[in-house]
Amino acid sequence: EGGRSGTPSRGRQRFRASLVSGEVALAFVLLIGAGLFLRSLFRLQNVKTGFEATNVMTASISLPTTRYKDAEKRAIFYEELTRRISDYPGVTAVGIGVPLPFSGLSSSSSFQIQGSSMSAEDSGPHGDMQFVSPGYFRALGIPLRGGRSFSDRDRLNSDPVVLVDENLAREYWPTADPLGQKIRRGNQGPWYSIVGIVGHAKRSDLGADSEKGAFFFSILQVPIPIASIAVKTSAAPAIAISVIRNSVEVLDPIQPLFNIKTLQSMVSEELGPRRFTIVLLVLFAALALFLAGIGMYGLLTYSVSLRTHEIGIRMALGARPREVTALLLLYGVRLAVIGTVAGGLIVLGLTPLVSRLLFGVSAFDPLTLILATLVTMTATLLSCVAPGLRAARLDPSDALRNE
């Protein structure tokens, strides 16, 4: 340590090396996080929702009670609106329903099953509740599993009917046929006969759907004042905007529309927070990797300047340039491996937290680990090349004269 090279103590060298390895570890952790969330997002985008969102335009209406106090008047408005919209060219299906999937709204209710007994403390069966028109299931591509769908005959003065989805049917009639069974809301309402079973559709969360069953009332039979229109088109759904506006204006010139958007965008908005998180992770991972590369480059460059005399002796004793370059590269690789291993241990410690945020991907996904390791090692090795080549180009006589 008292020689002519002026090389600092081993403690200082180790401190500098530990800082660079720490940068590599941080970059590796962020790369793992970005990779895991990207793969999770890809899995979520391919989740089957139970309905078809392509080429479906939606819009919401709220019929004021001052002008639509009578239930029959609301039912006529909904029926006439769907008829007018369906007459336009390019429209393949029209449905009215509330709440629509991924609209941010939800409605649920307890119900009774005719012939079943329950205690006073029991709240009874429970499910999500929707009010839909006869064309709703066709507009959203929700399949009919059994029985029949709603028709124009299911009106205010007809026999009360209801549809259930396959999850509700499986939960409350596991061994019996739900068709023909009767349910009702509350203790005094009418009994509704189950006439059809439809497929289950996700309603609010792609990754954590509760799989809760749903039951559906005909909006022509229970004409609530707030509803959403879903228009399926054969081409771009934007053409349906003017179709909906014109049809509503003909029926009621002062009736406003709101929440005009495609069903696909409503589903996509549910993934918005995840996309934002991924963008941040990718940016921070790239920045951390860049800083780690700069740190490795600076450390090796400084190491070359301190070890110039040593390198001159090695070359004078017969060391070839590529061996000098390999010496520095091996030093950089060792620091990168230490940083990567440390980053892996950090990821292992964060596994319980990360696992809750992922969908369909393990926190130790092999592909993500391999790719993150390759990217980290490649970036750090590239930052070692320039200092290594600079050391190999040193002239032994000049290096030996270096103080």
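As the structure is a prediction and not an experimental result, all values here were calculated from the model. Along the sequence shown, residues carry numbers from 1.
Checked by atom type and distance alone, the side chain of Asn246 pairs as donor or acceptor with a backbone atom of Ser242 at under 3.5 Å. Side chain of Ser193 to main chain of Val195: no donor-acceptor pair is present (N/O by atom type, distance under 3.5 Å, no hydrogens or angles). A donor-acceptor distance shorter than 3.5 angstrom exists from the side chain of Ser40 to the backbone of Phe359, with no hydrogens or angles considered. Asn46 places a side-chain N or O within donor-acceptor distance of the main-chain N or O of Phe42, the cut-off being under 3.5 Å. Ser355 places no side-chain N or O within 3.5 Å of a backbone atom of Pro352 that could act as its donor or acceptor partner. No donor-acceptor pair closer than 3.5 Å links the side chain of Gln130 to the backbone N or O of Val98. Within the 3.5 Å criterion, the main-chain N or O of Arg67 finds a donor-acceptor partner in the side chain of Lys73.
Ser62 has its side chain within reach of Phe258: a pair of non-hydrogen atoms, C-beta onward, lies under 4.5 Å apart. Between Thr373 and Met377 the shortest side-chain heavy-atom distance falls below 4.5 Å. The closest side-chain heavy-atom distance from Thr58 to Ile229 is not below 4.5 Å. Under the 4.5 Å side-chain criterion, counting only non-hydrogen atoms from C-beta, Leu281 is in contact with Leu30. Considering only heavy atoms from C-beta on, Val198 stays 4.5 Å or farther from Arg145 through its side chain.
Summarising the local packing, CG of Asp70 is surrounded by more than 12 heavy atoms from other residues, nucleotides or ligands at distances under 6.0 Å. Few gaps surround CZ on Arg84; more than 12 heavy atoms of other groups in view lie less than 6.0 Å from it. Taking a 6.0 Å sphere around CZ of Arg153, one finds it holds 12 or fewer heavy atoms contributed by other residues, nucleotides or ligands. More than 12 non-hydrogen atoms from other residues, nucleotides or ligands lie less than 6.0 angstrom from CZ of Phe364. In the displayed structure, Phe276 atom CZ is contacted under 6.0 Å by at most 12 heavy atoms of other residues, nucleotides or ligands.
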*side chain to side chain contact (heavy atoms under 4.5 Å, CB included) between Leu100 and Tyr136, worked out*: CA-CA 10 Å; Leu100 290 179; Tyr136 174 82; 3.6 Å; yes
*Mind running side chain to side chain contact (heavy atoms under 4.5 Å, CB included) on Leu140 and Glu52 for me, showing each step along the way?*
CA-CA 5 Å; Leu140 269 65; Glu52 297 175 5; over 6 Å; no
*Apply the test ring-ring contact (aromatic ring centres under 6.0 Å, His included) to residues Phe111 and Tyr172: give CA-CA distance (whole Å), side-chain angles for both, the deciding distance (0.1 Å), then the verdict.*
CA-CA 11 Å; Phe111 60 91; Tyr172 295 109; 5.6 Å; yes
*Can you list the steps and then say if Ile194 with Leu163 is a side chain to side chain contact (heavy atoms under 4.5 Å, CB included)?*
CA-CA 5 Å; Ile194 299 176; Leu163 271 64; over 6 Å; no
*List the steps, then state whether side chain to side chain contact (heavy atoms under 4.5 Å, CB included) holds for Met129 with Ser107.*
CA-CA 5 Å; Met129 181 175 58; Ser107 178; 3.3 Å; yes
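Note that the CD atom of Glu23 and the CG atom of Leu335 stand 11.0 Å from one another [nearest 0.5 Å]. Taking CD from Gln45 and CZ from Arg275, the interatomic distance works out to 5.0 Å, rounded to the nearest 0.5 Å. To the nearest 0.5 Å, atom NZ of residue Lys261 and atom CE of residue Met266 are 6.5 Å apart. Note that CZ of Arg148 is 13.0 Å distant from CD1 of Ile197, once rounded to the nearest 0.5 Å. Within the model, atoms CZ of Arg74 and OG1 of Thr65 stand 8.5 Å from one another, a figure rounded to the nearest 0.5 Å. Taken to the nearest 0.5 Å, the CG atom of Leu358 stands 5.5 Å off from the CZ atom of Phe37.
Among all heavy-atom pairs drawn from Thr376 and Leu289, the shortest one is CA-CD1, 4.1 Å. Scanning all heavy atoms of the two residues, the minimum distance from Ala139 to Gly95 falls at CB-N, 3.8 Å. Shown here for Val231 and Ala240, the closest heavy-atom pair between the two residues is CG1-CB, 3.9 Å. Of all the heavy atoms in Val164 and Ala169, the pair that sits closest is CG2-CB, 4.3 Å.
Taking the ring centroids of Phe216 and Phe137, they lie under the 6.0 Å cut-off.
One side chain, Gln221 or Ser158, offers a donor N or O that lies under 3.5 Å from an acceptor on the other. With hydrogens and angles left out, the side-chain atoms of Ser228 and Ser60 include a donor and acceptor closer than 3.5 Å. Tyr192 and Asp159 share no side-chain donor-acceptor pair at under 3.5 Å. In summary, the side chains of Arg203 and Ser103 do not present any donor paired with an acceptor at a separation below 3.5 Å, with no hydrogens or angles considered. Donor-acceptor pairing under 3.5 Å is recorded for the side chains of Ser265 and Thr262.
No salt bridge links Asp165 with Lys212; every basic N to acidic carboxylate O contact stays at or beyond 4.0 Å. Ion pairing between Arg83 and Glu79 fails under the 4.0 Å rule for side-chain N and carboxylate O.
Relative orientation of the Phe102 and Phe51 rings is tilted, given thresholds of 30° and 60° on the angle between their planes.
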